[in-house]
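Written out below as structure tokens is the structure these notes cover.
Order of appearance sets the numbers: ligands from 1, and atoms from 1 within every ligand. By convention here, the first residue in the shown sequence is residue 1.
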Amino acid sequence: MAIKDPIRVGVLFSDTGVTSTIGHSQLQGTLLAIEEINESGGIAGREIVPHCYDAKSSPEIYAALAERLIVHDKVNVIFGCYMSSSRKAVLPIVEKWNKILFYPTLYEGFEFSNNIIYTGAAPNQNSVQLAEFMTANFGARVYLIGSKYIYPYESNRIMRDLVLQRPHSAKLGEHYVDLDASIKDFQPIMEDIKASRPDFIFSTVVGDSTTKLYQAYAEAGFSPKTMPIASLTTSEAEVSQMGVDVALGHFTAAPYFQSISSETNLRCLQRLQKRFGSDCVPNMCWEAAYFQVHIYANSFRSAGVDDIGQIMPYILGSDFDAPQGRVRIDTANHHTSLYPRIGICNSKGQFTIVREATKPVHPDPYMVTHSLGDWTASLSTLEL
Ligand code: ACM
């Protein structure tokens, strides 16, 4: 007789704390995919049952809850984490118990674990294209601002190295603020920017303080037409939090924007709207959270189980028609082939895509073979 037991999976995002806006959207992307799979008969008739916990934007809580999911709830797979500090906290837990973490967030690269599948962008899929775009359109004198933890430190280092390859380039400043920074914390930085006049600002500020950065910028009287903020993390979710007036005209690089007009994306957005209404603001991390569950389910169907030894060969090399385009998990490095895009925030709080790859870019998390401006073979460019 076929096994009809439900399949338990762990879902570990932050519904409270400084990164809860994006964490909430990742949770909804995950739940939408699980419901789609269950509504179409589950996996060989077995229902997926998510065990969800709120990790409260704290790496220590992430680590404790990952262990609880594995030991108490008996899951083999966890979908979760936003900040790299939380992934770094969960990594030794999934390695110790030999389980799998699916991580749906862009990050700084330079990591590999046999126990992690990385479905957000590596630096060669967002930083490289953003550096090329910003330096070509605005100039190569950059000012770096970030939150105080590993992703901003490392991502700023990568951006600095990329920008400094350009002629007439300079790094004019580099500052870090606490994750709960206020507008006041950004004001001295804005004064320094006024004095040094960079061509663009690269922000690796994440979570709630993103709003404070863009507000402090607007209060300082700067114009995105001449000195925009470029980011890898300011998505539609952060824009909805800060308001369009301060986000308008700034740039973000990501493999997914809500504004993608493909059939697959439009259908997925309709289903999301039906399920969660306007409570969910789809963004790049929501999309990765969504498609990675389908990759897991398809691999489970082939393997028949989700024990790491048996399912991993099916996860690696698998592909899926995601809202951004057809994505594929790399067999060697566990990262994902994705479609780099650059968007400028428009008056509707959406991103107008100004440049996009028409073929996926292979993940190169250690930046071994990347070149400045790798859009793979063909690309399409819209006028600014
Ligand atoms: C991040 O911390 N990977 C956004």
Would you mind telling me if ligand 1 is within reach of the side chain of Y151, the backbone, both or neither, using heavy atoms under 4.0 Å? side chain
Closest protein heavy atom (residue, atom, distance) for atom 2 (O) of ligand 1: Y149 OH, 2.6 Å
Using a strict cut-off of 4.0 Å, indicate which atoms of ligand 1 neighbour a heavy atom of L106. 1 (C), 3 (N), 4 (C)
Which ligand 1 atoms does Y103 reach within 4.0 Å, using its non-hydrogen atoms? 3 (N)
Heavy-atom contacts with Y107 under 4.0 Å: which atoms of ligand 1 show up? List them by number with element. 3 (N)
May I ask you to decide if the ring planes of H175 and Y143 are parallel, tilted or perpendicular, using 30° and 60° as cut-offs? parallel
Sorted by chain and residue number, the ring-ring contact (aromatic ring centres under 6.0 Å, His included) partners of F79 (sequence neighbours excluded) come out as F102, Y296
May I ask you to check whether Y107 and H335 show a side-chain donor-acceptor distance below 3.5 Å? yes
Any side-chain donor-acceptor pair under 3.5 Å between S57 and T19? yes
Any cation-pi pair here, R87 with Y151, using under 6.0 Å and within 45°? no
